[in-house]
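Lettering follows sequence order; numbering is per chain, from 1.
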Protein chains: 2
Amino acid sequence: MNDLSSEDSPLAARLRGISGGLTKSEAVIAQWLILNEATLGLETGASIAAKTGVSEITVSRFLKRAGYKGLQGLKEDLQAALVHAHVSPSDRYFRLLDGEIGAILKRDADAVLALAHEVEKPAWPQAIDAIASADEVFVTGFQTIRGIAEDFARRLAIVRGSVRFLSPHDGGLVEWIPSFRRAEEKRCLVMVDMAPYAREALPIVQTARGLGMQVVVVTDELNTWASPETPFVFHVVTKVDAFLESTGPMTTLMNVIIHEVAGRAPEKARKRIKDWPPIMRGLGLY
Amino acid sequence: MNDLSSEDSPLAARLRGISGGLTKSEAVIAQWLILNEATLGLETGASIAAKTGVSEITVSRFLKRAGYKGLQGLKEDLQAALVHAHVSPSDRYFRLLDGEIGAILKRDADAVLALAHEVEKPAWPQAIDAIASADEVFVTGFQTIRGIAEDFARRLAIVRGSVRFLSPHDGGLVEWIPSFRRAEEKRCLVMVDMAPYAREALPIVQTARGLGMQVVVVTDELNTWASPETPFVFHVVTKVDAFLESTGPMTTLMNVIIHEVAGRAPEKARKRIKDWPPIMRGLGLY
DNA sequence: TGACGAATGATAGCGTTCTGTCATAATCTA
DNA sequence: TAGATTATGACAGAACGCTATCATTCGTCA
């Protein structure tokens with residue numbers, strides 16, 4: 001094992017660090033795993049056994065001894081190392097991230113990092129411009145993610161004015177009745193969506209488009225109805241193998257939108273952030 | 001699907017190139033695969049089916065139609081693409097996470113992973129028990145994070161009954177007027193808090209404690225008033241060097257609470273999750 | 001609105017994977 | 001060299017993954 005690169009992967013470091021030394025079979029398995037790290041994703045216990053000349057149960061025992069929950073656990077670790085290498089410089093969290101809740105947190109963190117793909121899209125800065133430059137911004141969202149939309153509307157209003165939450169069922173879209181005085185204004189709708197609310201959401205988006213608004217949709221990974229309606233559709237991974245979908249990464253993306261809109265006029269945003277607390281002080285809330 | 005990045009991965013290009021268009025289910029699967037490309041190594045046909053809401057055989061048919069020899073064939077293709085890529089997936093992630101927004105996402109992801117510390121606390125399972133075993137759960141939160149609390153109340157109500165959102169300023173705590181019929185019931189208050197709302201939050205927590213309720217507070221990293229009032233205080237990092245604090249990790253922790261409460265009675269939670277859509281179908285929302 | 005075709009799902013069966021239990025082989029020590 | 005201990009393997013069973021077949025649902029068209 002001494003002939004391996006000094007620049008160890010986490011896998012190599014971990015296998016090398018097994019206390020008590022390795023038996024002959026274990027050494028063979030460890031070396032094979034390290035040399036074939038790039039393609040471990042495709043292997044099974046049986047295929048590793050076949051390639052190393054030991055039995056399947058020996059492979060299984062070795063992985064357990066190495067601290068993995070079987071080959072699946074090793075694969076999950078490799079995946080996590082790939083994604084999280086740039087998040088935390090130390091292993092201090094990963095020790096705690098064993099178990100079911102840890103797995104959910106890791107997938108949530110994966111989903112947050114994966115937002116980088118959405119922000120990288122050419123449509124992203126155009127969507128930010130649509131929101132930042134609109135004379136009025138409407139925000140809507142339904143049922144169990146209505147809160148995300150409401151918080152977004154409140155928080156977006158901190159960094160720019162003329163933001164309204166829209167409750168189509170309650171208000172029947174009276175906010176969109178045409179006004180002569182404001183006929184030339186640019187308006188933008190931001191919709192926070194989660195399948196399967198297409199029946200409600202799609203007509204609203206189509207109505208907004210019909211009225212000349214730009215529409216930005218932030219939605220989950222299953223939404224396919226939004227793309228034909230507007231170029232500004234951004235997906236968030238919500239399935240994290242929990243009882244319910246995760247809404248944390250979607251909240252994070254809404255916060256990033258606010259940050260980017262504030263970044264379009266940073267001095268104005270800073271002034272608004274500063275001006276707000278004194279106005280609120282009369283409420284006696286803190 | 002037209003909103004995807006112009007810099008398509010081979011997988012995205014291949015799925016996009018399927019002639020004859022996609023059916024509704026196929027479009028969902030294709031989009032999900034593209035959005036989750038980084039973690040496909042860990043998926044099975046069954047797990048993809050579960051996450052996309054289609055059946056396993058539909059996933060299998062789609063992969064065949066896309067020219068893969070099943071999921072295994074897709075994984076082999078991904079692996080081969082990995083070997084031939086000039087930039088490794090890890091480096092690609094690094095490049096995406098470069099820059100200001102990438103830094104924010106990394107800090108957000110780090111804050112999500114750091115939630116493992118809160119979940120590890122001895123108080124955590126006791127807090128989950130307090131919520132799960134209460135006869136009635138009240139949920140409250142204010143201003144720009146009121147939406148997180150409202151969504152939490154709605155979603156917690158999916159997995160257990162007798163959950164109420166509390167709006168103290170609107171309702172003046174009428175929900176807490178004593179009732180002889182329910183005098184012996186165990187009640188629990190869950191408060192989502194963010195500095196600087198101590199002036200409003202603290203009296204509510206003290207009132208709840210005085211009325212014999214258990215209180216769980218989920219709050220940001222600056223809160224110091226909560227710990228003397230209740231043993232169940234969980235902190236979330238919200239400072240991510242953005243214009244405004246991030247509420248994504250807090251949303252994630254609320255989701256973890258829901259998951260854990262559901263886990264205290266999983267069959268009941270699954271039944272409630274299953275029973276809800278038919279009731280909702282009358283609304284015509286999807 | 002009804003019929004027809006396409007899409008999709010349920011179920012069962014087959015193949016593969018993983019591991020518990022017991023047996024065998026290898027290694028070490030006296 | 002023999003006995004004891006440890007490492008490893010064989011086998012069977014449980015669990016999981018995938019798909020063929022048939023049924024059901026959905027969408028389109030007349």
Going by atom types only, do B:Q31 and A:T224 share a side-chain donor-acceptor pair under 3.5 Å? no
Quick one: do the A:D193 and A:T219 side chains pair a donor with an acceptor below 3.5 Å? yes
Could you list the residues that satisfy ring-ring contact (aromatic ring centres under 6.0 Å, His included) with A:Y68, not counting sequence neighbours? none
At under 4.0 Å, does any side-chain N or O of A:S25 touch on OP1 or OP2 of D:dT8? yes
Could you give the start and end, 5' to 3', of the contact zone on DNA chain C for chain A, using atoms under 4.0 Å from its heavy atoms? C:dT17 to C:dT21
Just checking B:K268: does its NZ atom have more than 12 heavy atoms from other residues, nucleotides or ligands closer to it than 6.0 angstrom? yes
Near DNA chain D, under 4.0 Å by heavy atom, which residues of residues 45-56 of chain B? B:G45, B:A46, B:E56
Between the side chains of A:S167 and A:R146, is a donor N or O closer than 3.5 angstrom to an acceptor N or O? yes
Stretch residues 57-70 of chain B: residues that reach within less than 4.0 Å of DNA chain C through a heavy atom: B:I57, B:T58, B:R61
Nearest heavy atom decides the nucleotide; on that basis, is B:K24 or B:Q72 closer to the 5' end of DNA chain D? B:Q72
To the nearest 0.5 Å, atom CZ of B:R61 lies from atom OG of B:S55 at 6.5 Å
Exercise: do B:D151 and A:T247 side chains pair donor with acceptor under 3.5 Å: no
Not counting sequence neighbours, which residues clear salt bridge (charged side-chain N to carboxylate O under 4.0 Å, His left out) with B:E56? List them please. none
Residue list, ring-ring contact (aromatic ring centres under 6.0 Å, His included) with A:F138, at least two apart or on another chain: A:W176
Classify the ring geometry of A:F234 against A:W124: parallel below 30°, tilted from 30° to 60°, perpendicular beyond 60°. perpendicular
